[in-house]
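Side chains are part of it too, since the values below use all heavy atoms of this structure and drop only hydrogens, waters and symmetry mates. Per chain, numbering begins at 1; letters A, B, ... match sequence-line order.
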Number of protein chains: 2
Amino acid sequence: MEERFFGLLRDNGLKATKGRVEVLRLFFKAGRPLAQKQIMEMLRLKLDRASVYRILNAFTGAGIIHMAFVDGRHRVYELPGKCSGRNCHPHFSCRGCGMTACLEDFKVYYKGALGKGFVAERQKVLIEGLCPNCRPDRDRRHE
Amino acid sequence: MEERFFGLLRDNGLKATKGRVEVLRLFFKAGRPLAQKQIMEMLRLKLDRASVYRILNAFTGAGIIHMAFVDGRHRVYELPGKCSGRNCHPHFSCRGCGMTACLEDFKVYYKGALGKGFVAERQKVLIEGLCPNCRPDRDRRHE
DNA sequence: ATTTAGATGCGACATTATTGCAAAAAATAA
DNA sequence: TTATTTTTTGCAATAATGTCGCATCTAAAT
């Protein structure tokens, strides 16, 4: 299982160090976008803040992950999944617990109106709201 | 002209101080979203960093402006225009010069796929790319 | 003009992120 | 395996964005 991470790192010209394997493992395990802070809390081994930042930048440069969106002051990264760096799928962010999710089947359609001479390179769509856990439960509204 | 700003401030329970009138003037003059940094550079009078932040927070609390989007690490604010705080129109941000623009006629259509139990409260749409000034000019491509 | 509620300036601090440099670890060569 | 080279890491310092406390000042009301 770890071999998969070793290969992914080496294929992208990155040494398979403990720290990188660990961070990569966390992304695969989480299956959802992660911010540096969350990664720090999930680490099973000691890794410096600076190293985590450098790992995220290295991964981003290599295309192993990309920045999905900025949530408040946190840059949130994820494995590519179905989206390219240029045209990323929309994301959901819960204002209750900070949980994030990819909305890969959630398509955005827009028409014109960018004005003459403008070039669109990337779209970033973020839906903010409440996840099922943070939503006031409708079945309990009579309590 | 300045009376308009005085009235807008007082109607929202804010004292019409020099700093506030100046910041409000900049928003009206610019006619586009502004970040704290840009405001600092445009100021015609001396105003402390902290004061600008406090003014932006006061204006936001009063509903005179709202945060349009986060660009990199910069919070970008704007006058409401056609959008409410909850459902803001899409924005454009130029990666060349950092210029921002509102895409009020740019409508986003999306369908389903938010999953059961999720509640959408806000949408944030940001298109990144190049503005006409930063775009490599097509007419000069043979140079 | 005096009073007073509230705004400002300044400095300290918190947070997120980057960088320089020496020590450590991984990959390569011997 | 050992030695060498390259890259990464840890630590500390630094930068940028933003907030807060407190003394001082200002706008507006008396």
Student: Can you list everything that forms a side-chain contact (heavy atoms from CB on, under 4.5 Å) with A:Asp48? Sequence neighbours excluded, please.
Tutor: A:Ala50, A:Ser51
Student: Shortest non-hydrogen contact from A:Leu79 to A:His66?
Tutor: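 Heavy atoms of A:Leu79 and A:His66 come nearest at O-CE1, 4.1 Å.
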Student: Could you list the cluster mates of B:Leu126? Members are the ILVMFWY residues connected by side-chain heavy atoms closer than 4.5 Å, either directly or through other members.
Tutor: B:Phe69, B:Val76
Student: Using only side-chain N and O atoms of A:Tyr53, determine if any of them is under 4.0 Å from OP1 or OP2 of C:dA17.
Tutor: yes
Student: Between the protein and nucleotides 28-30 of chain C, which nitrogen or oxygen pairs come in under 3.5 angstrom?
Tutor:
none

Student: Between the side-chain atoms of B:Arg54 and the base atoms of C:dG6, is any donor-acceptor pair under 3.5 Å?
Tutor: no
Student: Which whole-number value in Å describes the distance from A:Tyr77 OH to C:dA17 P?
Tutor: 7 Å
Student: For B:Asn57, check side-chain contact (heavy atoms from CB on, under 4.5 Å) against everything at least two apart and list the hits.
Tutor: B:Tyr77
Student: Tell me, do B:Ile39 and B:Ile55 make a side-chain contact under 4.5 Å, heavy atoms counted?
Tutor: no
Student: Within this structure, what is the CG-CZ distance for the pair B:Leu47 and B:Arg20, rounded to the nearest 0.5 Å?
Tutor: 10.5 Å
Student: Expressed in angstrom and rounded to an integer, what is the separation of A:His74 atom NE2 from C:dA17 atom P?
Tutor: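 Distance, rounded to whole Å: 7 Å.
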Student: CD1 of A:Ile55 versus P of C:dT16: gap in Å, rounded?
Tutor: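 Computing the A:Ile55:CD1 to C:dT16:P distance gives 18 Å.
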Student: What donor-acceptor contacts under 3.5 angstrom involve side-chain atoms of residues 22-29 of chain B, with partners at least two apart or in another chain?
Tutor:
{"from": "B:Glu22", "atom 1": "OE1", "to": "B:Arg25", "atom 2": "NE", "distance (Å)": "3.1"}
{"from": "B:Glu22", "atom 1": "OE1", "to": "B:Arg25", "atom 2": "NH2", "distance (Å)": "3.3"}
{"from": "B:Glu22", "atom 1": "OE2", "to": "B:Arg25", "atom 2": "NH2", "distance (Å)": "3.1"}
{"from": "B:Glu22", "atom 1": "OE2", "to": "B:Arg44", "atom 2": "N", "distance (Å)": "2.7"}

Student: Report the residues that fulfil side-chain hydrogen bond (donor to acceptor under 3.5 Å, both in side chains) with B:Arg32, sequence neighbours left out, ordered by chain and then residue number.
Tutor: none
Student: Quick one: do the A:Gln38 and A:His74 side chains pair a donor with an acceptor below 3.5 Å?
Tutor: no
Student: Which residues in residues 36-51 of chain B have a heavy atom closer than 4.0 Å to any atom of DNA chain C?
Tutor: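 B:Lys46, B:Leu47, B:Asp48, B:Ala50, B:Ser51 - these, ordered by number, are the residues of the stretch whose heavy atoms sit under 4.0 Å from the strand.
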Student: Taking all non-hydrogen atoms of both residues, which atom of A:Ala62 and which atom of A:Leu14 are closest, and how far apart?
Tutor: CB-CD1, 4.0 Å
Student: Could you list the residues that satisfy side-chain hydrogen bond (donor to acceptor under 3.5 Å, both in side chains) with B:Gln36, not counting sequence neighbours?
Tutor: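 B:Gln36 satisfies side-chain hydrogen bond (donor to acceptor under 3.5 Å, both in side chains) with B:Tyr53 only.
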Student: Give the residues of residues 13-23 of chain B touching DNA chain D, defined as any heavy atom closer than 4.0 Å, sorted by residue number.
Tutor: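 Going residue by residue through residues 13-23 of chain B, the ones with a heavy atom under 4.0 Å of DNA chain D turn out to be B:Lys15, B:Ala16, B:Lys18.
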Student: Of all nucleotides in DNA chain D with an atom under 4.0 Å from a non-hydrogen atom of chain B, which is the first and which the last going 5' to 3'?
Tutor: D:dT17 to D:dA28
Student: Applying ring-ring contact (aromatic ring centres under 6.0 Å, His included), name anything that partners A:Phe92, two or more places apart in sequence or on another chain.
Tutor: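 With sequence neighbours excluded, A:Phe92 shows a ring-ring contact (aromatic ring centres under 6.0 Å, His included) to B:Phe118, given in chain and number order.
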Student: Not counting sequence neighbours, which residues clear side-chain contact (heavy atoms from CB on, under 4.5 Å) with A:Lys18? List them please.
Tutor: A:Leu45
